[in-house]
Protein chains: 2
Amino acid sequence: MVSVLIVDDQMLVRTGLAALIRATPALEVAGEAADGETAVAMAAAVRPDVVLMDVRMPGLDGITATERILSAGAGPPPKVAILTTYDLDEYVYTALRAGASGFLLKETPPQQLLAAVQVIAAGDMLFAPTVTRRLIEAYATRPGRAASPAALSTLTGRELQVLRLVARALSNADIAAQLSLSEATIKTHLHRLMSKLGLCSRAQAIVYAYESGLVVPASRDDGG
Amino acid sequence: MVSVLIVDDQMLVRTGLAALIRATPALEVAGEAADGETAVAMAAAVRPDVVLMDVRMPGLDGITATERILSAGAGPPPKVAILTTYDLDEYVYTALRAGASGFLLKETPPQQLLAAVQVIAAGDMLFAPTVTRRLIEAYATRPGRAASPAALSTLTGRELQVLRLVARALSNADIAAQLSLSEATIKTHLHRLMSKLGLCSRAQAIVYAYESGLVVPASRDDGG
DNA sequence: CGCCGGTTCCATCGAACGGTGGAGCGGGAA
DNA sequence: TTCCCGCTCCACCGTTCGATGGAACCGGCG
């Protein structure tokens with residue numbers, strides 16, 4: 001049973017959501033809050049699985065409330081799904097930084113909304129199409145660099161593939177599993193690519209991958 | 001009723017998916033394909049709502065097949081959900097460009113997988129957490145890098161020093177020589193810092209050093 | 001046709017690595 | 001003073017890594 005905390009300043013919206021959730025066997029209403037302060041307090045008190053969080057609210061807004069809920073140390077924090085009227089670029093960015101697990105539109109058909117809540121409760125992240133498009137654009141237009149010191153171009157496709165995975169700290173066994181090959185094969189490719197690049201250890205290979213721009217650091221926050 | 005075309009080169013995977021789908025009232029199996037070519041042909045013939053597409057296949061791979069299916073002009077194209085064994089950085093980018101609506105892992109629990117298919121059929125996009133994290137990182141990594149995730153500040157001076165040298169691909173013996181210590185001491189420091197950071201290998205430590213901004217690839221120095 | 005490069009796999013071996021459980025030392029805080 | 005923390009070092013042991021020397025398959029090319 002997934003318990004849901006409903007946060008919205010409009011009574012009608014809360015009522016509607018509550019009715020939908022109560023009509024769904026797998027979901028239950030953990031509580032309702034009409035503003036951010038109450039939401040933070042209730043999240044700590046009732047410990048819901050998912051918080052459906054409106055953005056625009058009097059007093060403490062939904063984003064700030066999300067931050068506070070997720071940084072409240074006691075036990076595993078709930079998943080927070082941001083609920084907005086339309087899509088809003090300005091909120092997406094901060095909401096994601098705040099740690100939101102989803103970004104849903106109030107226009108979303110009920111059935112879909114309920115499915116979304118369950119998906120989010122399960123640990124996945126879910127975003128409305130418009131939001132996702134923005135994410136993808138940001139991903140696609142990422143400052144990529146042509147990664148080609150001459151030596152890199154001497155590598156075969158497989159070798160390059162292995163190098164990328166090595167640079168993500170995978171073990172030979174992991175890489176073998178990922179590529180559906182035997183570990184022996186990975187060793188061969190790794191040995192050959194290290195020879196070509198004049199490297200003596202896996203550690204050097206990882207450093208090489210970063211320094212050559214083959215892989216690019218992307219900032220990470222410790223999310224747990 | 002959402003019709004699903006199953007594309008995977010492994011018979012067992014197809015069978016498993018088909019069984020799952022047949023057991024779900026809201027879903028039906030539109031067909032099965034074992035390679036990309038067949039998938040493209042069948043997508044055009046049976047016009048499914050959703051295509052569950054494996055990436056690695058003999059002949060035409062899943063990504064290319066996705067492109068072809070989505071660019072086949074006749075009528076509204078189906079949604080394509082990429083199905084992979086683990087998460088794969090290299091595929092995400094091209095899959096998204098190809099127009100995939102989802103990126104799911106074969107490890108995903110059945111119920112969740114079926115929910116995902118329906119979410120995708122409804123027009124939303126859905127990604128496994130690891131994939132989403134990547135997207136968010138790309139989106140959120142604009143105002144410059146956070147040079148020290150909280151975990152880094154828990155390291156002692158020596159540990160930090162060792163981590164920097166590890167991130168330069170030095171062996172334990174090298175680091176010991178550099179710091180005029182015994183190799184045993186380096187092992188201790190390394191062990192402790194890996195514990196603190198939740199890392200399991202030297203390779204992960206190197207990646208962490210780059211991703212956290214502790215060390216920065218040469219030739220890219222932005223003042224942020 | 002044979003050759004070559006890319007890919008896949010095997011067996012073996014020593015070295016490096018990582019985990020564990022210690023130990024002693026020194027400085028600062030309680 | 002005692003206690004804790006950071007630093008230094010040791011021994012042991014299993015796993016992973018990297019090196020080596022093979023072998024086989026396939027596709028393209030001369």
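Quick note on labels: first sequence line is chain A, next is B, and so on, each numbered from 1. None of the values given here were measured: they were computed from a predicted structure.
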Under 3.5 Å, is there a donor-acceptor pair between the A:Ser182 and A:Thr185 side chains?
-> yes

What is the bend of the helix from C:dC1-D:dG30 to C:dA30-D:dT1 when you compare the axis at one end with the axis at the other, using five pairs each and rounding to 10°?
-> 30°

Atom NE2 of A:His189 to atom P of C:dG5: distance rounded to whole Å?
-> 16 Å

Which parts of nucleotides 17-30 of chain C does protein reach within less than 4.0 Å, heavy atoms only, written one letter per nucleotide 5' to 3' as B for base, S for sugar-phosphate only and - for none?
-> SBSB----------

Would you say the side chain of B:Val51 lies within less than 4.5 Å of the side chain of B:Pro78, judging by non-hydrogen atoms?
-> yes

Whole angstrom is fine here: how far is it from CG in A:Leu155 over to C1' in C:dG5?
-> 15 Å

Does the side chain of A:Val166 come within less than 4.5 Å of A:Leu193's, by heavy atoms?
-> no

Do B:Leu27 and B:Gln118 come within less than 4.5 Å of each other through their side chains, counting heavy atoms only?
-> yes

Determine, for B:Arg22 against B:Glu28, whether the closest basic-nitrogen to carboxylate-oxygen distance falls under 4.0 angstrom.
-> no

Side chains of B:Leu163 and B:Leu197 in contact at under 4.5 Å (non-hydrogen atoms) = yes

Residue-phosphate contact under 4.0 Å: A:Ser182 side-chain N/O, C:dT8 OP1/OP2 = no

Taking C-beta and beyond as the side chain, do B:Gln178 and B:Leu170 meet within less than 4.5 Å on heavy atoms?
-> yes

Taking the side chain from B:Ser3 and the backbone from B:Val29, do they hold a donor-acceptor pair closer than 3.5 Å?
-> no

Contact interval (first through last nucleotide) of DNA chain D with protein chain A, 4.0 Å heavy-atom = D:dC17 to D:dT20

Indicate yes or no for a side-chain donor-acceptor contact from B:Glu211 to the backbone of B:Tyr208 under 3.5 Å, with no hydrogens or angles considered.
-> no

Is any side-chain heavy atom of B:Leu114 less than 4.5 Å from a side-chain heavy atom of B:Leu20?
-> yes

For A:Thr156, which contact category applies under a 4.0 Å heavy-atom criterion: base, sugar-phosphate, or nothing?
-> sugar-phosphate

